[in-house]
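Convention: sequence-line order gives letters A, B, ...; per-chain numbering from 1. As a basis for the values below, the full set of heavy atoms in this structure was taken, side chains included, without hydrogen atoms, waters or symmetry mates. All of these numbers come straight from a predicted model, not from anything done at the bench.
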Amino acid sequence: MADDKKLTTRAADFSAWYNEVVLRAELADYAPVRGCMVIRPNGYGIWERMQRILDDMFKATGHVNAYFPLLIPQSYLAREAQHVEGFAPELAVVTHGGGKELEEPVVIRPTSETIIYSMYAKWVQSYRDLPILINQWANVVRWEMRTRLFLRTLEFLWQEGHTAHATHDEAEEETRRILGIYRTFMEQYMAMPVITGLKSESEKFAGALRTYACEALMQDNKALQAGTSHNLGQNFSRVFDLRFQSVEGREEFAWNTSWGVSTRMVGGLVMTHGDDKGLQVPPRLAPIEVVIVPIFRSDDERAAVLGAAHRLRDELGSWELPENRRRRIHVDAREGMKPGAKYYDWELRGVPLRLEIGPRDLAASQCVAVRRDTGAKVPLPMADLAAALPALLEQMQRDLLDAARARRDANTVRGPITWDAFRARMDGPGGFVYAGWCGAAACEAAVKEETKATIRCLPDPEFQSTPAPATCLKCGASSRHEAVWAKAY
RNA sequence: CGGGACGUAGCGCAGUCCGGUAGCGCACCUGAAUGGGGUUCAGGGGGUCGCGGGUUCGAAUCCCGCCGUCCCGACCA
């Protein structure tokens, strides 16, 4: 930062810009242990909004919350071969407790499949006990080599849903239902457009039958996996002896699903909507939707302006209002800071709408509304605010999604593409490339080796191209799947 | 774990090459004025120079070792 008032621009250094936004908007800070972070109130407030909205969506589809322990016997992880292979390198293992070495080490959960399905096995006798639709909000630890604030930290917060069903089809339906919820959340609340689809074998969750994911494109044209939903088949139920008696009286293994989204989404939010002025939080997700900046000179003006500001907040933000009509409003009454400095500060923090109220506005019974996204200023009569604010905020919510979608589409390539053109694309601008794939793991690996690009997903039908690609991007053989390729976080 | 950079006040840095007992900007505190896009002036507080050892009359500075952080690669939500 040459000028420490200004952010590094995205164009100059996207990584530096990201770090500066996270730190200076006070979303998070580095903790003493490598790879760990403190989520500060501004960041946690966004996560709390995410939690509330998703939690409501889960509850509305029949799920309930529970809590399973942080510590898991090491032997549990080892029972499912693929699973242990996938997670062994990144486990944090507790070897001592109470000053003594433990007989069997316990691991800090990297995810909870093993402990949860072992418990389900105790609880399920017959098909009448199914389905089990449990979610938990928890922290998990994965000892990653390279970390980044929100995007990859040793410890992160997430929700993990774990369900058990009587049939494969029911489990598949659940897996897809959750993927749909994630997509709706990301598009309608985060204003972050995503592609949904199936993960390739090499990218799927260790222990899953198949993994579906939501993939978003960040402003640096790298993809971010924002949520995953796994059909686990009977892989875990066989290992943990999760059986039930069917209607026909047979003993059968249950069919499981698991699915999760994490605080990584906060990073996705920053990299989707942030600009060179700082963060932008979509209104539906913003802990503060509207900030009122009072403007005054004399003590008399100060009293009048602050009085009006607080009255507005009390009227439109009262806890007595139903939540859908209650505006989340903050009055910035800080002393000794000029209004201009406050504008920059709230723009950095990403508050969607600013209301300026000064003596001239009071005289005209109005205030000046300024949009964070466009910078557009419009005078609003005080009497109309209750109706005007929700309309304005919803308009911004739509505009943010439209802008993000337009940006993604402008950085997406479809249609026949030569290998050289693909390489040039990945060496240069990046972005999503839809291309054919013969289905061979060797081709997938070769593409990754030579370009760093990976298959983000085999897109769901609504995202697929017409006509479908005819040949494999790498080997030229006939294509079996259309794949979305990109460099990824 | 490999490559690169760095570690000096809350933050960002200078000082290190060429050893002489620590400085700048921002932030912070007090007072006054200012206040519709990053205020100004005056005064003030704050640092075992990452840690340990060595060389030296004397080390932020030279030497050795360790620790940590960030960036770039191999693993991953």
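Going from atom CG of L348(A) over to atom P of G37(B) covers 19 Å, rounded to whole Å. Taking atom CD on E90(A) and atom P on C75(B), their separation rounds to 12 Å, with Å as the unit. In this structure, the OH atom of Y343(A) is 12 Å from the C1' atom of G38(B), given to the nearest Å. A straight line from CG of D345(A) to P of U39(B) spans 12 Å, rounded to a whole angstrom. Distance E335(A) CD to U30(B) P: 12 Å, rounded to the nearest Å. Here U34(B) presents its P atom at 21 Å from CZ of R334(A), a figure rounded to the nearest Å. The distance between atom NZ of K222(A) and atom P of G73(B), rounded to the nearest whole Å, is 7 Å. D299(A) has its CG atom 13 Å from the P atom of G35(B), to the nearest Å.
Taking the C1' atom of each, U8(B) and U16(B) are spaced 11 Å apart, rounded to whole Å. Comparing A14(B) with C57(B), their P atoms sit 32 Å apart, to the nearest whole Å. Rounded to whole Å, the separation between the C1' atoms of U61(B) and C18(B) comes to 10 Å. Nucleotides G12(B) and G7(B) have their P atoms positioned 11 Å apart, rounded to a whole Å. Comparing the same atom, C1', in C41(B) and in G35(B) gives a spacing of 16 Å after rounding to whole Å. The gap from the P atom of G46(B) to that of U34(B) amounts to 32 Å, rounded to the nearest Å. Across the C1' atoms, G4(B) and G43(B) are found 45 Å apart, a figure rounded to whole Å. Using P as the reference atom, A60(B) and G37(B) are 49 Å apart when rounded to the nearest Å.
Judged by Watson-Crick or G-U wobble contacts below 3.5 Å, the nucleotide U34(B) has no partner. Remark: A60(B) base-pairs with no nucleotide in the shown strands. Criterion, Watson-Crick or G-U wobble with two distances under 3.5 Å. C11(B): Watson-Crick or G-U partner is G25(B), with both key distances under 3.5 Å. Base-pair partner of A74(B): not found among the strands shown (Watson-Crick or G-U wobble, both distances under 3.5 Å). Pairing of A5(B), defined by two Watson-Crick or G-U wobble distances under 3.5 Å, is identified with U69(B). Across all strands shown, C18(B) forms no Watson-Crick or G-U wobble pair with both distances under 3.5 Å. Nucleotide C49(B): unpaired (no Watson-Crick or G-U wobble partner with both distances less than 3.5 Å).
A cation-pi geometry, defined here as NZ or CZ lying under 6.0 Å from the six-membered ring centre and within 45° of its normal, does not hold between R183(A) and F185(A).
Side-chain atoms of E160(A) and S258(A) include no donor-acceptor pair closer than 3.5 Å. Between the side chains of T257(A) and N231(A), not a single donor N or O lies within less than 3.5 Å of an accepting N or O. Side-chain contact annotation: T272(A) with Q219(A), donor-acceptor N/O pair under 3.5 Å absent.
Judged by distance alone, with hydrogens and angles left aside, the side-chain atoms of Q225(A) form no donor-acceptor pair with the main-chain N or O of C214(A) at under 3.5 Å. Formation of a donor-acceptor pair under 3.5 Å by the E289(A) side chain with backbone atoms of R328(A) is found in this model. Judged purely by atom type and a 3.5 angstrom limit, H83(A) uses its side chain to pair as donor or acceptor with the backbone of A206(A). Looking only at distances, a side-chain donor or acceptor of S229(A) sits under 3.5 Å from a matching main-chain atom of T175(A).
The nucleotide whose nearest atom lies closest to any side-chain atom of M145(A) is, among G37(B), G35(B), A74(B), A74(B). Looking at the side chain of E356(A), the nearest of the listed nucleotides G73(B), G36(B), G35(B) is G36(B). In this structure, the nucleotide among G35(B), C75(B), A74(B) sitting nearest to the side chain of E144(A) is C75(B).
Summarising the geometry of F156(A) relative to S262(A), their closest heavy-atom pair is CD1-CB, 3.7 Å, with the distance given to 0.1 Å.
Non-hydrogen atoms lying under 4.0 Å from RNA chain B are contributed by D361(A), V368(A), K377(A), all within residues 361-385 of chain A.
Ring centroid separation for the pair W259(A) and W158(A) does not come in under the 6.0 Å cut-off. Taking the six-membered ring wherever Trp is involved, the centroid distance between the rings of W255(A) and H165(A) does not fall below 6.0 Å.
Counting non-hydrogen atoms under 4.0 angstrom, G86(A) reaches nothing in the nucleic acid. Within the 4.0 angstrom heavy-atom criterion, no nucleotide atom of any strand lies near P89(A). When heavy atoms are screened at a 4.0 angstrom cut-off, T153(A) is found touching base atoms of the nucleic acid. Using a 4.0 Å heavy-atom distance criterion, L224(A) is classed as making no nucleic acid contact.
Mapping G340(A) and K448(A) onto RNA chain B via the closest heavy atom, the residue that lands nearer the 5' end is G340(A). The residue among S262(A) and R360(A) whose nearest nucleotide of RNA chain B lies closer to the 5′ end is R360(A).
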Atom pairs under 3.5 Å, N or O on each side, protein against nucleotides 68-71 of chain B: can you list them with distances?
unit_1 : atom_1 : unit_2 : atom_2 : d
U69(B) : OP1    : R34(A) : N      : 2.8
C71(B) : OP1    : N19(A) : ND2    : 3.4

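Judged by distance alone with a 3.5 Å cut-off, a donor-acceptor contact links the side chain of E347(A) to the base of G37(B). Taking 3.5 Å as the limit, the base of G36(B) and the side chain of R297(A) contain no donor-acceptor pair of atoms between them.
Surrounding CH2 of W419(A) are more than 12 heavy atoms belonging to other residues, nucleotides or ligands, all under 6.0 Å away.
Phosphate contact (OP1/OP2 of G36(B), side-chain N/O of K338(A), threshold under 4.0 Å): present.
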*Chi angles and distances behind the salt bridge (charged side-chain N to carboxylate O under 4.0 Å, His left out) call for E172(A), R210(A)*: CA-CA 10 Å; E172(A) 179 68 9; R210(A) 50 187 164 267; 3.0 Å; yes
